[in-house]
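Notes follow once the structure below has been shown.
So you know, we letter chains A, B, ... as the sequences are listed, proteins then strands, and number each from 1.
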Amino acid sequence: MADVSIRNVRKSYGKTEVVHGVSLDIPDGTFVAILGPSGCGKSTVLRMIAGLETITAGEIAIGGQVVNALEPRERGCAMVFQNYALYPHMTVADNIGYALKVAGVAKAERRRRVEEAARTVELTEFLDRRPGQLSGGQRQRVAMARAIVREPKVFLFDEPLSNLDAKLRAAMRLEIRRLHNRLKATSVFVTHDQAEALTLADLVVVMNAGTIEQIASPRDLYRHPASRFVAGFIGSPPMNMMPGVITAGGGVEIAGGGRLAIDLDDFDIEIGRAVDVGMRPEDVILDSRMQDAAATGQPALAFTAELTEELGATRLIYGKSGARDFAIAMPASSPQLPHGQVTRVHAAPARIHLFDQTTGLSLRNVARAQAQ
Amino acid sequence: MIERTPILNFVTHAILLSGLVILLLPIFIVLIATTHDLPTVNTVPMPLWPGSHMLENWSAAWTKGDFARALVNSLVVAVGVTVGKITIAALSAFSIVYFRYPGRTVLFWLIFITLMLPLEVRIVPTYAVAADALRPIKALFSLGNIDIGLPEWNLLNSYTGLILPLIATATGTFLYRQFFLTVPEELCESAKMDGAGPLRFFWDILIPLSATNMAALAVIMFVYAWNQFLWPLLVVNKPHMMTATVQLDRIVPGPLFGQPPIWNEAMAATLIVMIPPLIVVIMLQRWFIRGLIQSDK
């Protein structure tokens, strides 16, 4: 058990820098997910923790000890790879016990620990098989047992679920979380799948283009995205974005028509500032009773539905607001929205996000947001 | 696509069978020739029915060729070449594929180029080195007019001299390199995480995985070394170091000596020399074929 501290770490391949100064503190026993699009440097960060990549600049410490110069085996990390990386010529038992064998653990002790690890992941009856005779989910479990058996300080997962089918993936997700709850070991889980990150992790780190965009709990990440990138990356379908200008009296004038009410105290902004306005599809409220915006004076946007997707519990409606694409998510039980008809939509002021147009950073007043 | 029709089946089998007959007929004639006495063998046409002199011909060939000794020599050389070749090939390919150091691509291509230089092309310099293995080092020093007084290290008439020059070829390195490139990188990283050093990874993971390749290479190299003729003929001039293939030449006296060749005994000797590689091929053929066609990872 140990905490992991990453201090201003950079990675360059030749002249190309792929990780631009990442700092992250992972408290002991925390499950951290590093989430980001492919090529954002998330796997590189993980591999630098593992010792499979050298650290160009900065420091990584595990349990208070700086590990920059240590070999992978000296760092006390265990890793689960995307394609499992099992040794094809060894039995499951030998695969699980290989690290112990290398470390010179006595045979009887080795056997006991292998059996215990196999029991943890329910593999006892497969110990004599070869990896080639196992299904994808079972191989994944072997890979996990191989990590568990070493009793590492830190577990590292490199997109371990992306080779599994959707149903198995959800089941393994639960198993990994259950395992973490039992072992309470510090874990770092790299994924590009937001559902995995949000369901598994205590703390989600969103990375983009070699930098950290936000570190937050899954709930905060969703409710208070720190930047336009995070807002667009988390949530499916992504947040609706449109440019607008803050007007007096707690409103934001959307470019291309429409107006939304906001609570000015929630944000660090001044009247007349140009911002990007974000609204999650599931936060959109239909105003079907008031067809005429001018008649009611109620702030709202015009929305024309074009396409409906039924997803079982929810219904997604894609359409246009002005010239912009706009999506709405609503319960499947709500009445159908006829295509081509103009509807008025708005959202609760607390559910509207504002971002700086140049930096992309959230304009939400942090102190106030945390107080809520 | 595999088509199965009765006519096609018949045709393909007919082609296979005729190929087999064409291959086996000469060997059959050789075998028949060993069962007749010399006058019968020299009649035209030679009878294709076995005679009754088989045992005496085979034992005459055995003693004349001193095969009790020569076969052992050949076996030592062939096994030595096979083992040495596999060791050097696996290690050099391991270095080229798994380690990053300056000039490794150049090194690989240097090794690769030797594919174009068979023993016959470089036989004179190779002989010079075999006559004194330290000669290249001396030559290097003599460029600077330094005489470091190295002794002469003669490899002629020794197993070392027979084996070493045959080991240094690129086929094995190339085969192993191609195999190592197909091994997923994660296996290496996984071994690193498990705490295995490079040699441990090589021994525990790569060697077992390449067992079928190794068998294929072993068969090829054993037969290659066994069949060597020119090199043993050159470096060995003492009878007790002769290899079987060279002895074969000796029991067929050429027209040079004004004697007619004793074909029945020569043919028996040929078959004796063929048997050991045949056994090796039969023993390893299952692995050999798997090594050539299978990519089971």
> What part of B:Ala211 is in contact with chain A, defined as an atom under 4.5 angstrom from a non-hydrogen atom: side chain, backbone, both or neither?
Replying inline: neither
>> With rounding to the nearest 0.5 angstrom, report the OG to CG distance, B:Ser190 to A:Leu52.
In response: 9.5 Å
Portion of [X] that has a non-hydrogen atom of chain B nearer than 4.5 angstrom:
X: A:Leu86; value: backbone
X: A:Arg75; value: neither
X: A:Ala103; value: neither

Report yes if some heavy atom in the side chain of [X] is under 4.5 Å from a heavy atom in the side chain of [Y]; otherwise report no.
X: B:Met193; Y: A:Cys77; result: yes
X: B:Asp194; Y: A:Tyr87; result: yes
X: B:Ile205; Y: A:His89; result: yes

> Can you list the residues that meet the salt bridge (Lys or Arg N to Asp or Glu O under 4.0 Å) rule with B:Arg200, with sequence neighbours excluded?
Replying inline: B:Asp204
Under 6.0 Å from the [atom1] atom of [X], do we count more than 12 heavy atoms belonging to anything else shown?
X: A:Arg111; atom1: CZ; answer: no
X: B:Ile7; atom1: CD1; answer: no
X: B:Tyr101; atom1: OH; answer: yes
X: A:Asp128; atom1: CG; answer: no
X: B:Tyr159; atom1: OH; answer: yes
X: B:Glu185; atom1: CD; answer: no

> Of the listed residues (A:Val102, A:Leu100, A:Val80, A:Asp158), which shares the most heavy-atom pairs with chain B below a 4.5 Å separation?
Replying inline: A:Val102
> What option among A:Arg47, A:Met90, A:Glu74 has the most heavy-atom pairs under 4.5 Å with chain B?
Replying inline: A:Arg47
> Looking at B:Leu209 and A:Pro88, what are the two nearest heavy atoms and their distance?
Replying inline: CD2-CG, 3.5 Å
> Any residues in residues 142-150 of chain A near chain B, with a heavy-atom distance under 4.5 Å, and which are they?
Replying inline: A:Arg146, A:Arg150
> Would A:Glu71 and B:Lys192 pass as an ion pair if we require N to O under 4.0 Å?
Replying inline: no
> If you count heavy-atom pairs under 4.5 Å between each of B:Gly195, B:Cys188, B:Gly197, B:Ala191 and chain A, which one has the most?
Replying inline: B:Gly195
